[in-house]
Amino acid sequence: MEGENEVKLHGMWASTYSKRVELALRVKGIPYEYIEEDLRNKSPLLLQYNSVYKKVPVLVHNGKPITESYIILEYIDETWQNGPRLLPQDPYQRAQIRFWASFIQQQLFGSFYKLISSNGEEQEKAVEEVFEKMNVLEKGMKELLPEGVPEVDGNNSGVLDILVTATFGPYKAHEEVFGLKVLDPEKYPLLFSWVQKLNEIPLVKGVLPPHDKLVALLQFIKQNDLKPSS
């Protein structure tokens, strides 16, 4: 992959943020070199490319690093315009998608992080917060998608598909370890059906972390009272 479109991705196999970028690259059909990072022993290149946050993912395009997963998604969409568009062209539709993308990233995923990294009374509050925000997301998606979730495949997935996949795709591993049914089909029928459709896409299956390996990592985090790395 030499030349004017050399693309490298520094990521971590279980990182939700890294998975977002992997999915976007594959949806766009962009060849890239994947570089697995050990977050306990970060490479000099990662520290150089992301000297502020020192986190994955980092996309390196022709030697120039781009950091922060959502910023990377927009960069990919704006740079490779000949593939499927991740964001709609219409300004109002694009604004709506950006709003809900921000909600998933900042509000919902933040609550998930609290749930995974806490215990006792603090975890009970985090559970309530997660369900509250899941209700908001379900209601919002029903308004955004009044006819239900459209048929999706690897060729027409957008930003929300990518964020929903990365956030909820491995839900069975989280339920197995933490004993909490977050993605309840009765409470959140639209979100549940959406995730089921996404998880059947071959492109998605090739990106999501292996179930048993993720369960082992989550159990280790839970047993040792660690905070999951991003």
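The residues of the chain are indexed from 1 along the displayed sequence.
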Looking at [X] and [Y], does any basic side-chain N land under 4.0 Å from a carboxylate oxygen?
{"X": "Glu200", "Y": "Lys205", "result": "yes"}
{"X": "Lys197", "Y": "Glu151", "result": "yes"}
{"X": "Glu129", "Y": "Lys125", "result": "no"}

Atom [atom1] of [X] and atom [atom2] of [Y]: how far apart are they, to the nearest 0.5 Å?
{"X": "Leu163", "Y": "Ile104", "atom1": "CG", "atom2": "CD1", "result": "5.5 Å"}
{"X": "Thr79", "Y": "Ile66", "atom1": "OG1", "atom2": "CD1", "result": "7.0 Å"}
{"X": "Leu115", "Y": "Phe178", "atom1": "CG", "atom2": "CZ", "result": "7.0 Å"}
{"X": "Gln123", "Y": "Glu128", "atom1": "CD", "atom2": "CD", "result": "12.0 Å"}
{"X": "Lys142", "Y": "Leu191", "atom1": "NZ", "atom2": "CG", "result": "8.5 Å"}
{"X": "Ile71", "Y": "Leu59", "atom1": "CD1", "atom2": "CG", "result": "12.0 Å"}

| field | Joint cluster assignment, Ile35 & Val58, ILVMFWY side-chain distance < 4.5 Å | value | no
So do [Y] and [X] actually touch side chain to side chain, heavy atoms under 4.5 Å?
{"X": "Val21", "Y": "Val56", "result": "no"}
{"X": "Asn5", "Y": "Trp80", "result": "yes"}
{"X": "Ile97", "Y": "Leu86", "result": "no"}
{"X": "His10", "Y": "Glu33", "result": "no"}
{"X": "Leu183", "Y": "Met134", "result": "yes"}
{"X": "Lys19", "Y": "Pro209", "result": "yes"}
{"X": "Pro57", "Y": "Leu9", "result": "yes"}
{"X": "Met12", "Y": "Tyr17", "result": "no"}

| task | Would you check, one step at a time, whether the test ring-ring contact (aromatic ring centres under 6.0 Å, His included) holds for Phe112 with Phe168? | result | CA-CA 10 Å; Phe112 277 136; Phe168 295 109; 5.8 Å; yes
Do [X] side-chain atoms and [Y] backbone N/O form a donor-acceptor pair below 3.5 Å?
{"X": "Ser157", "Y": "Asp153", "value": "yes"}
{"X": "Glu37", "Y": "Ser43", "value": "yes"}
{"X": "Gln219", "Y": "Val177", "value": "no"}
{"X": "Asn199", "Y": "Gly169", "value": "yes"}
{"X": "Thr165", "Y": "Asp161", "value": "yes"}
{"X": "Asn50", "Y": "Thr67", "value": "no"}

Does [X], at its [atom1] atom, have more than 12 non-hydrogen atoms belonging to other residues, nucleotides or ligands within less than 6.0 Å?
{"X": "Lys139", "atom1": "NZ", "result": "no"}
{"X": "Lys54", "atom1": "NZ", "result": "yes"}
{"X": "Glu121", "atom1": "CD", "result": "no"}

| task | Start with the C-alpha gap between Val164 and Met141, add the side-chain angles, then the distance that decides, and say whether side chain to side chain contact (heavy atoms under 4.5 Å, CB included) holds. | result | CA-CA 11 Å; Val164 167; Met141 291 303 96; over 6 Å; no
| message | If we count only N and O atoms by modelled type, under 3.5 Å, do the side chains of Tyr70 and Arg20 hold a donor and an acceptor together? | response |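 No.
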| field | Donor-acceptor side-chain pairing of Tyr34 and Glu36 below 3.5 angstrom | value | yes
List the atom of [X], the atom of [Y], and the distance in Å for their closest heavy-atom pair.
{"X": "Ser18", "Y": "Gly11", "result": "OG-CA, 3.4 Å"}
{"X": "Arg26", "Y": "Gly206", "result": "NH1-O, 3.6 Å"}
{"X": "Val149", "Y": "Ser193", "result": "CG2-OG, 4.2 Å"}
{"X": "Leu145", "Y": "Leu190", "result": "O-CD1, 4.3 Å"}
{"X": "Gly63", "Y": "Tyr49", "result": "O-CE2, 4.4 Å"}
{"X": "Val152", "Y": "Ile201", "result": "O-CD1, 3.7 Å"}

| Test log, rule side chain to side chain contact (heavy atoms under 4.5 Å, CB included), inputs Gln105 and Ser69 | CA-CA 10 Å; Gln105 293 183 103; Ser69 63; 4.1 Å; yes
| Audit row: Lys28, Ile76, side chain to side chain contact (heavy atoms under 4.5 Å, CB included) steps and yes/no | CA-CA 8 Å; Lys28 285 281 196 177; Ile76 289 171; 3.8 Å; yes
| field | Cation-pi geometry met for Lys187 and Phe131 (6.0 Å, 45°) | value |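 Satisfied, under 6.0 Å and within 45°.
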| query | Checking side chain to side chain contact (heavy atoms under 4.5 Å, CB included) for the pair Leu137/Trp100: CA distance, chi angles, key distance, verdict? | reply | CA-CA 8 Å; Leu137 183 61; Trp100 286 110; 3.9 Å; yes
